[in-house]
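Working notes, structure below.
Order of the sequence lines fixes the chain letters, A, B, ..., with proteins taken first and strands second; residue numbering starts at 1 for each chain.
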Amino acid sequence: MAQQELDLLHPAAPPRRYSEQQRVRLAKIAVLQADGRTPYPVSVPRDRRISDVRDQCADAHLWPDVPLSLAGRVQAVRDLGGVIFAVIEEQGHEIQVMLTLAETPAPLRMLWRQSVDLGDIVSVTGCITRSRRGELSLLVSDWRMASKCLRPMPSRRSGLADPDARVRHRYLDMLVNPDSVAMLRHRSAMVHALRQRLISTEYLEIETPMLQALHGGAAARPFKTRSNAYRTELFLRIAPELYLKRLCVGGLTKVFELNRNFRNEGADSTHNPEFTSLEVYEAYGDYQSMRRLAQDLILAAACAVHGRPISMHRDPDGELHEFDLTAPWPVISVHDAVACAVGRPVTVSSTSDELTAICRDNGVHCGPSASAGEMVLALYESLVEKQTVAPTFYIDFPIDACPLTRPHRTDSRLAERWDLVASGFEIGTAYSELIDPVDQRERLTSQSLKAAAGDPEALQLDEDFLTALEYGMPPTGGLGLGVDRVLMLLTGAGIRDTIAFPFVRPVSP
RNA sequence: GGGCCGUUAGCUCAGUUGGCAGAGCAGCGGACUUUUAAUCCGCGAGUCGUCCGUUCGAGCCGGACACGGCCCA
């Protein structure tokens, strides 16, 4: 009885099943321990980076004839009996190491043979030399295990090809596919360049709430969560827009946020449930000035990634082609673009009946209650975006679908908004912001009616935001760029390659 | 939601008409004093995604499901 209780309270872990290769590697830990060594030491000798040695010895020079210590992951071992060659790698830089009869004490050579596997991280100490074939090499006089690898590495020749495994085990992808590490570097360079471009022109970076009691600033389904302390439902933000505008009311004239948004939708080649956006607001700007800023930011990002203003575009055959971003980016009205796509005249004056027929003829589905503007938008989204390869600004959207955008200065049926589209997907959007609190209240009220009618993407009415507007927000241009999307544009990659850890379905227990 | 493709050793992949489960790399044992995709000899390694069906016999044929990828909506 007492034993049963104990068993229940302290259930034994089920025995782990190890593959043959895992068992072999575990056994090698015992070999190290029998020699008084630990497979996971707190520190190991390392006084240079592998790249330092490579750089200094690039032109046939050798390091001064004094021992130094390097550390890296074992990528290859060639044991010729009298001499053992191995390749260790650190941060993408490799160097050969040699264990020889003459220079390496016999017990250390033996221990290497008995305990080192591909994938182990080792520290090696010795002098830099060249092999008979001229390969820069460290002649090992001493070595330590820095971290024993207990699982067999994917084959270096084949890499890791399974797309699911590549994102689930990104560390493995990084270890065998250099492109994956390069992408992370590109991303870091790009994000830095975007911040640099803004901060150097006196924009202020502010972090606004990600946990919000009301979700707003975009049309999308939110993730819901709950505050225990305040016993209230909260949302992960779908956009930072309404908080950044409060900052504009508060007197900041140039402000931006580069951070994560969350949308409770599926994942595909251009969508991840959490994604990074850049939103910029500038007082006394408008959607025209934001257009110049957007192009500027993307050119800065391109130079950070590629060293010059180009993007990479993948054609239908999978071939990558360079694309010159300095050529002027077309600016086309949404109605003209739709008209061109359907081969019939479409203008802001087109009637609902005409548009219903055009939608039907082009296989575009709209709800029966869709307004003319919503139909134009549906046509635009299904017929224009995917066909757009070169960066193109589509401007002056029907006002129906733009609840946060001010009416066009010359035609109130249009909104002063553009979308930037390239490589078949939307990269960013910008508005001349709606600052009229009376108009804004009406628009959000009609959105909340939609929400009440069951539209899960409708905006919520944020009373505090409206109150802020009533204190007066200066005429303002606002810009949003999808940061992941910009990197996709620049590299020709899918969104899952541009994010270090894209969403993957959790493994079922 | 629909269509197509995929799931076999740690990785990358073959697997014929339904007849003992295969290769390369990786692993294990051995040889080898300058290799660099080292080479040579020998050996081991599998819940063929899951379940059901057809069959004397299923990795292969049929059905359902799961997961992944691509395309379409």
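With sequence neighbours excluded, the residues that form a salt bridge (charged side-chain N to carboxylate O under 4.0 Å, His left out) with A:Asp52 are A:Arg49. A:Arg73 pairs by the salt bridge (charged side-chain N to carboxylate O under 4.0 Å, His left out) definition with nothing, not counting sequence neighbours.
Of the residues listed (A:Asp120, A:Leu32, A:Leu150), the one engaging A:Pro39 in a side-chain contact (heavy atoms from CB on, under 4.5 Å) is A:Leu32, and it is the only one.
Side-chain atoms of A:Asn272 come within 3.5 Å of backbone atoms of A:Glu274 as a donor-acceptor pair (strictly under, hydrogens ignored). Counting only distance, with no hydrogens or angles, the side chain of A:Arg496 and the backbone of A:Asp164 share no donor-acceptor pair below 3.5 Å. A:Asp47 places no side-chain N or O within donor-acceptor distance of the main-chain N or O of A:Leu68, the cut-off being under 3.5 Å.
Between A:Leu118 and A:Ala161, the residue whose closest nucleotide on RNA chain B is further toward the 5' end is A:Ala161. Mapped onto RNA chain B by nearest heavy atom, A:Arg25 and A:Gly159 fall at different nucleotides, with A:Gly159 at the one closer to the 5' end.
One interatomic measurement links the two molecules: CG of A:Leu175 to P of B:rG10, which rounds to 19 Å at whole-angstrom precision. If you measure from atom CG of A:Asp268 to atom P of B:rA73, you get 13 Å, rounded to the nearest angstrom. Atoms NZ (A:Lys386) and P (B:rC70) sit 14 Å apart, rounded to a whole Å.
Using a 4.0 Å heavy-atom cutoff across all strands shown, A:Leu101 reaches at least one base atom of the nucleic acid.
At least one cation-pi condition fails for A:Arg417 and A:Tyr431: the charged atom is not both under 6.0 angstrom from the six-membered ring centre and inside a 45 degree cone around its axis.
Straight-line distance between the P atoms of B:rC41 and B:rC25: roughly 12 Å, to the nearest whole Å.
One donor-acceptor pair, N or O on each side, does fall under 3.5 Å between the base of B:rU35 and the side chain of A:Ser131. With hydrogens and angles left out, the side chain of A:Gln96 and the base of B:rU35 share a donor-acceptor pair within 3.5 Å.
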_Expected output check: what is the dot-bracket annotation of RNA chain B, where ( ) and [ ] are pairs inside the strand (brackets for crossing ones), | is paired with another strand, and pairs are Watson-Crick or G-U under 3.5 Å?_
(((((((..((((.....[..)))).(((((.......))))).....(((((..]....)))))))))))).

For nucleotides 42-49 of chain B, list the nitrogen or oxygen atoms of the protein found under 3.5 Å from its nitrogen or oxygen atoms, one pair per line.
from: B:rG44; atom 1: N2; to: A:Glu20; atom 2: OE1; distance (Å): 2.6

Check the interface with nucleotides 37-41 of chain B: list each N/O to N/O pair with the protein under 3.5 Å, or write none.
from: B:rA37; atom 1: N3; to: A:Arg157; atom 2: NE; distance (Å): 2.6
from: B:rA37; atom 1: N3; to: A:Arg157; atom 2: NH1; distance (Å): 3.0
from: B:rA37; atom 1: N3; to: A:Arg157; atom 2: NH2; distance (Å): 3.3
from: B:rA38; atom 1: OP2; to: A:Arg78; atom 2: NH1; distance (Å): 2.9
from: B:rA38; atom 1: N6; to: A:Asp79; atom 2: O; distance (Å): 3.0

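Listed pair A:Arg505 / B:rC67 meets the phosphate criterion, a side-chain N or O lying under 4.0 Å from OP1 or OP2. Between A:Arg496 and B:rG69 there is a side-chain N or O to OP1 or OP2 distance below 4.0 Å. Applying the 4.0 Å criterion to OP1 and OP2 of B:rG27, one finds that A:Lys28 has every side-chain N and O outside that range.
The environment of CD in A:Gln91 is sparse: at most 12 heavy-atom neighbours from other residues, nucleotides or ligands sit within 6.0 Å.
Side-chain N/O atoms of A:Ser371 and A:Asp400 include a donor and acceptor closer than 3.5 Å.
Between B:rU34, B:rU12, B:rA73, one nucleotide has an atom nearer to the side chain of A:Asp162 than all others, and that is B:rU12. The side chain of A:Pro163 sits closest to B:rG68 out of B:rA73, B:rG68, B:rU34.
With contacts defined as side-chain heavy-atom distances shorter than 4.5 Å, the pair A:Arg263/A:Phe223 does not qualify.
Under the 6.0 Å cut-off for aromatic ring centres, A:Tyr380 and A:Phe397 qualify, their centroids lying closer than that.
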Give the table of side-chain donor-acceptor pairs shorter than 3.5 Å for residues 357-366 of chain A, with sequence neighbours excluded, one pair per line with atom names and distance.
from: A:Asp361; atom 1: OD2; to: A:Arg344; atom 2: NH1; distance (Å): 2.8
from: A:Asn362; atom 1: ND2; to: A:Ile358; atom 2: O; distance (Å): 2.8

